[in-house]
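All remarks here apply to the structure that follows.
Chain identifiers are assigned alphabetically (A, B, ...) following the order of the sequence lines, protein sequences preceding nucleic acid strands; residue numbering begins at 1 within each chain. Just the heavy atoms: all of them, side chains too, but no hydrogens, waters or symmetry mates, feed the values below.
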Protein chains: 2
Amino acid sequence: MRISQLAAATGVPVATVKYYLREGLLHEGERTAPTQALYDDSHVARLRLVRALLGAGGVSIAQARAILAAIDEPPAAIHLLATAHNAITAPLDAAADVDEVRAITSGWGWRTESCDPAVLGAVAAGLQGLRDGGFDLAPGVLDAYGRAARDIAQAEIDGIPTESAEAAVRYVVLGTVLVEPLLLALRRLAEQVVSGERFGETGPLGD
Amino acid sequence: MRISQLAAATGVPVATVKYYLREGLLHEGERTAPTQALYDDSHVARLRLVRALLGAGGVSIAQARAILAAIDEPPAAIHLLATAHNAITAPLDAAADVDEVRAITSGWGWRTESCDPAVLGAVAAGLQGLRDGGFDLAPGVLDAYGRAARDIAQAEIDGIPTESAEAAVRYVVLGTVLVEPLLLALRRLAEQVVSGERFGETGPLGD
DNA sequence: CAATAATGGATAGTGCTACTCTCCAATGTC
DNA sequence: GACATTGGAGAGTAGCACTATCCATTATTG
């Protein structure tokens, strides 16, 4: 398969395929001459994955490179999740109030001692974002978020394939990135469904 | 308060405040002369909100304008949520398989007849993103997502203030946007916590 | 009251990202 | 042998969120 066929098979323009090759998101084809190469199904699959990450997954080229590197060269199984999360989590903001997060989550019985500080920082940044926007969560809602997050994590960890490091890494890394838009959309849909049940067709103010 | 004081009070450069004024994200100050104006606490609060939306909330200028418009001119209470969601949900993709989403969610007992099609489309796009990336959810995980989304929505709908339309709109719109980063970060943290419980310090493969 | 600074308003420019275009010699196809 | 395609590299583009500059007007200060 030559580059134009690869492009046709995936719907990605040839120029963009070349760009991904240059950026290291796509492995090179097999050389048949100094200026010619052949591509195969592995390139088609990888190209679809790259597009899914950049499109639906909403990650940048640089993040995609980190994610793909994690998939290509599975790190030691220790801290597998931290590796996956590091590929997409912003570096820890020094101003983030991690202690507050530890206090809240320990109230839920979460043991966060060995968690990645960057993820704790991301939670702290999320809470700070609410405050910056002058938004106060109704009482109990944060607890509901914690319970829901734990339920989700429970199901996901149960589902991690254990037969090989490659499969586990792939599942965790892609699950982290690609599932996020789905979760957010499901939340919005559930809000509309629950709102309909609670208030009928009229919305929360009754009209 | 003049523009330089407004800028100092919020940490936003003067040039950026001018930009937000031009873009309609910030209301004009009170004119004291054809080329002079005064700003007050409402501008400080609004500016902080704009920064929270653009920063932590991760929305674009155009989305922020739509969100702020929804807050400024509360729509009829009917379809309040749909209005909030429309401000930030991408327009419905014609290729989205909405029927599949209706089938899955009706299996959960969700009544989606009166839901915004764009939100159904967003769920469909999320599922399609998984497929495009060649990623298969472990069995039962999607059901867990549905349950968690419903639990979250239940708590959020319970928390909507009902004393005024303005408060309700503000709560729903900001809650939709600003809470998203928090939820995603909580999920990552929960994954690490649950992983630690399940596998100890070694990660899912045991090493 | 004069010198200096700050303001609102408009326009243009910046840095970044994700492509996209153009060119070239080397290679492949009919 | 004519023509298209390829890999490779560099330059160009569009969109976004600012940021800088300019200018006439207004405010402040000594």
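- For the side-chain hydrogen bond (donor to acceptor under 3.5 Å, both in side chains) with A/Tyr20, the lone residue among A/His43, A/Arg46, A/Arg51 that qualifies is A/Arg51.
- Of all the heavy atoms in A/Gly133 and B/Leu178, the pair that sits closest is CA-CD1, 4.1 Å.
- Across the protein-nucleic acid pair, A/Gln63 atom CD and C/dC16 atom C1' stand 14 Å apart, rounded to whole Å.
- In this structure, of D/dG7, D/dC18, C/dG8, it is D/dG7 that holds the atom nearest to the side chain of A/Ala37.
- For A/Asp72 and A/Arg170, the salt-bridge test fails: no basic side-chain N is under 4.0 Å from an acidic carboxylate O.
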Would you give a per-nucleotide map of nucleotides 25-30 of chain C, 5' to 3', where B means the base has a protein non-hydrogen atom under 4.0 Å away, S means only the sugar-phosphate does, and - means neither?
-SSSS-

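- Taking side-chain N and O atoms only, B/Arg31 has a distance below 4.0 Å to OP1 or OP2 of C/dG9.
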Below 3.5 Å between N/O atoms, which protein atoms pair up with nucleotides 13-17 of chain D? Just atom names and distances, please.
from: D/dA17; atom 1: OP1; to: B/Ile61; atom 2: N; distance (Å): 3.3
from: D/dA17; atom 1: OP2; to: B/Ile61; atom 2: N; distance (Å): 3.4

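- Atom NE2 of B/His27 and atom P of C/dG8 are 14 Å apart (whole Å).
- With A/Thr105 contributing its side chain and A/Val101 its backbone, the two residues share a donor-acceptor pair below 3.5 Å.
- Counting all heavy atoms, side chain and backbone alike, A/Val59 lies closest to A/Val177 at CG1-CG1, 3.5 Å.
- Two residues, B/Pro13 and A/Lys18, neighbour DNA chain D, and the one matched to the more 5' nucleotide by heavy-atom proximity is A/Lys18.
- One finds the CG atom of A/Leu130 at 5.0 Å from the CG atom of A/Leu137 (value rounded to the nearest 0.5 Å).
- Taking the six-membered ring where the residue is Trp, A/Tyr171 and B/Phe135 present tilted rings, their angle falling between 30° and 60°.
- For A/Glu28 and D/dG8, the CD to C1' distance is 10 Å, given to the nearest whole Å.
- As rounded to whole Å, 12 Å separates atom P of D/dC18 from atom CG of B/Leu53.
- For the residue pair A/Ala149 and B/Ala190, the shortest heavy atom distance occurs at O-CB, 3.5 Å.
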